[in-house]
Amino acid sequence: MAEVNTTDVQEKKSLNFIEQIVENDLREGKNGKRIQTRFPPEPNGYLHIGHAKAICMDFGIAQKYGGVCYLRFDDTNPTKEDVEYVEAIKEDIEWLGYKWEKEVYASDYFPQLWDFAIQLIKEGKAYIDEQSSETIAAQKGTPTQPGVESPYRNRPIEESLELFQRMNTGEIEEGKIVLRAKIDMASPNMHFRDPIIYRVVKTPHHRTGTTWKAYPMYDFAHGQSDYFEGVTHSLCTLEFVPHRPLYDLFVDWVKGGKDLDDNRPRQYEFNKLNLSYTLMSKRNLLVLVKEKLVDGWDDPRMPTICGFRRRGYSPESIRLFIDKIGYTTYDALNDFALLESAVREDLNTRATRVSAVLNPVKLTITNYPEDKVEELETVNNPEDPTAGTHIIEFSRNLWMERDDFMEDAPKKYFRMTPGQEVRLKSAYIVKCTGCRKDEAGNVVEVFAEYDPNTRSGMPDANRKVKGTLHWLSRDHCLSAEVRMYDRLWTMENPRDALADICKQKDCSSLEAMKEMMNPDSLHILKECYVEKFLANARPYDYLQFQRIGYFNVDKDSTPKQLIFNKTVSLKDTWAKTQK
RNA sequence: UGGACUAUGGUGUAAUGGUAGCACAACAGGUUUUGGUUCUGUUUGUCUAGGUUCGAAUCCUGGUAGUCCAACCA
């Protein structure tokens, strides 16, 4: 029965348009019914949740259709790249739960690409241009005006050949000459107007060192790399749609003819992730890190994979979110609330429930003996009976949450207020008898009397009261620092807002970002208390502070200095009705 | 004002010429030793004007709106 059910669910889940293409290709026997993809990051920064969407697609398609996925570092621009990023990227992909068949680099193909470029020169399909970048740009025309041909366009092949060799010896300075493909200066597709395919870069490469001085451009490397590796489906985001005709052209050329066979990579594009209240571009994230507006790439407010990891998101929750938003060709703006609902959904099943008092006030049970301490059992996770239980101490002197007491309470306030009964979670029902205030009128202590018959196992254990509060025994808890995070940006679409501010005020994106940042994105609470049970909690452990939210243990937390990060609040229908 | 792409509730997504469905969000209620979870119910949608068709969210044409393209970045 259960198996039938699973099949039903799978059948009901409709295929996204890429999966439909893949199934079609499989049916038609393209590429020998083989599926191969690649995830091709440039090692110039940390992966963010937008990359996670591409990772789930690239690795997911291979997984689902019995194919393989390579991890290929697109390292054709040594000025921006670094091994630091290579290592971080690998860590993040593994954390997300994916394994690559092979780790490869575009730079592995530099010799083949070089030979191919020479072949094109010999065939009259490429030439060396000696004009300045400004001139070349000007000759390119505009989208509405055709370009004009370079005076070097029809230079003798021998000249181009010789100059191309010298591009790689070091004798030619950066920017002096480039190799261009000879295509069509009048094409409505700007990428066809004799694109530059090789340029001189003298910065040492993080893998090949100083072996090369001439480096291929993206368009000249990507499709060919796919072809060399045997990639069948080259999946990327929508901004590469205009590149596709060029991709196909170069693949045709490197294959040595258009219709030789059907074994060739094809590029398909899907929409990239836009998230509300989130700035995604690597360039701007780099500014945040460099200018120390955040605490590094893994600051829990960052949309990086490592940021979400430090914040307490699970890999499963991120994959669940990606699965929910789907893949289309529409430029969507996804609601951050959907990501939050995904992480709540996942953490609800796995986070250990504990008590933490973040804004403490004394609670004294006046009819409970001074020296008595009871060890009470509390469940680790009501959603998971196998998660077990742990002990929490109860005594006369407790901490409670300041928000859980009101002297004059509104009608539907089910918490501590004089004359009202509440349940102390996992312990007794108590009745509030009053409070003590300081000279300024601040409540400094709340008083209550307990009903000894209402503890679990006692005769009145199942007596119902409206409210249940969390609490801690003052002599049996630990101090902790708790970091409360909120969104980094105040506007729903910070990318557009950033552009607007820069334009209006004619300022740098750094200045604009400073203006846009949410001043309340981080609140550090230093005087919090948590259960003794957390003495040995390990970094990244998933927790639920009951009635508050999901939290995790920060990577810098130690038994002496406990630090917790708020991942996301619990849904709070009470707070909502108060607004 | 060139080319390419896109348009389904507030948001995202399905329906592949034949009953507009799902998730999030919102709202109302039941259960609950977390105002959580869970369960039930409710509200809200095919950008627009034509055309093809027995029948159009789907195909065609015009309009409107949005995205991308003029790096020696990827």
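These values consider heavy atoms only, across backbone and side chains, with no hydrogens, waters or symmetry-generated copies.
- Straight-line distance from the CZ atom of A:Arg283 to the P atom of B:rC73: 15 Å, rounded to whole Å.
- Judged by distance alone with a 3.5 Å cut-off, a donor-acceptor contact links the side chain of A:Gln544 to the base of B:rU34.
- Nucleotides B:rA26 and B:rG17 are separated by 35 Å at their C1' atoms, to the nearest Å.
- Residue-to-nucleotide contacts include no donor-acceptor pair under 3.5 Å from the side chain of A:His243 to the base of B:rA4.
- Under the Watson-Crick and G-U wobble criteria, each requiring two contacts below 3.5 Å, nucleotide B:rA74 is left unpaired.
- A cation-pi arrangement is absent between A:Arg72 and A:Tyr105, since the terminal nitrogen or guanidinium carbon is not both under 6.0 Å from the aromatic centre and inside a 45° cone about the axis.
- For the C1' atom pair drawn from B:rG3 and B:rU43, the interatomic distance equals 43 Å after rounding to whole Å.
- In this structure, A:Trp574 forms an aromatic stack with the base of B:rG35, since both conditions hold: centre separation below 5.5 Å and plane angle below 30°.
- B:rA15 sits 25 Å from B:rA49 when the P atoms are compared, rounded to a whole Å.
- Atom C1' of B:rG55 sits at a distance of 39 Å from the matching atom of B:rC39, rounded to the whole Å.
- Taking only distance into account, the side chain of A:Arg547 never meets the base of B:rU34 through a donor-acceptor pair shorter than 3.5 Å.
- The side chain of A:Lys571 lies closest to B:rG36, out of B:rA70, B:rG36, B:rC73.
- Across all strands shown, B:rG45 has no partner, as no Watson-Crick or G-U wobble contact with both distances under 3.5 Å is found.
- In this model, the phosphate group of B:rC73 is approached by a side-chain N or O of A:Arg199 to a distance below 4.0 Å at OP1 or OP2.
- Considering only the side chain of A:Pro242, B:rC68 comes nearest among B:rG35, B:rA26, B:rC68.
- Residues A:Arg153 and A:Gln139 fail the side-chain proximity criterion, which asks for heavy atoms closer than 4.5 Å.
- When rounded to the nearest whole Å, the span between CD of A:Gln267 and C1' of B:rC5 equals 13 Å.
- Proximity of the aromatic rings of A:Tyr277 and A:Phe336 is defined here by a centroid distance below 6.0 angstrom, and this criterion is not met.
- Contacts of A:Glu81 with the nucleic acid, taken as non-hydrogen atoms under 4.0 Å apart, are absent.
- In this structure, B:rA65 and B:rU6 make a Watson-Crick or G-U wobble pair, each of the two defining distances being under 3.5 angstrom.
- Between A:Tyr428 and A:Phe394, a ring centre-to-centre spacing shorter than 6.0 Å is recorded.
- Here A:Gly326 lies out of heavy-atom contact (under 4.0 Å) with every strand.
- Between A:Tyr218 and A:His222, the ring center distance clears the sub-6.0 Å criterion.
- Per the geometry, CZ belonging to A:Phe270 stands 19 Å off P belonging to B:rC5, to the nearest Å.
- Residue A:Thr328 is in sugar-phosphate contact alone, with no base atom involved, counting any heavy-atom pair closer than 4.0 Å across all strands shown.
- Going from the P atom of B:rA7 to that of B:rU46 covers 16 Å, rounded to whole Å.
- A:Tyr330 comes within contact range of the sugar-phosphate backbone alone, with a heavy-atom separation under 4.0 Å but no base atom that close.
- A:Tyr198 comes within 4.0 angstrom of nothing in the nucleic acid, heavy atoms only.
- Contacts of A:Thr454 with the nucleic acid, taken as non-hydrogen atoms under 4.0 Å apart, include base atoms.
- Residue contacts for A:Thr468: at a heavy-atom cut-off of 4.0 Å it reaches the sugar-phosphate backbone alone, with no base atom in range.
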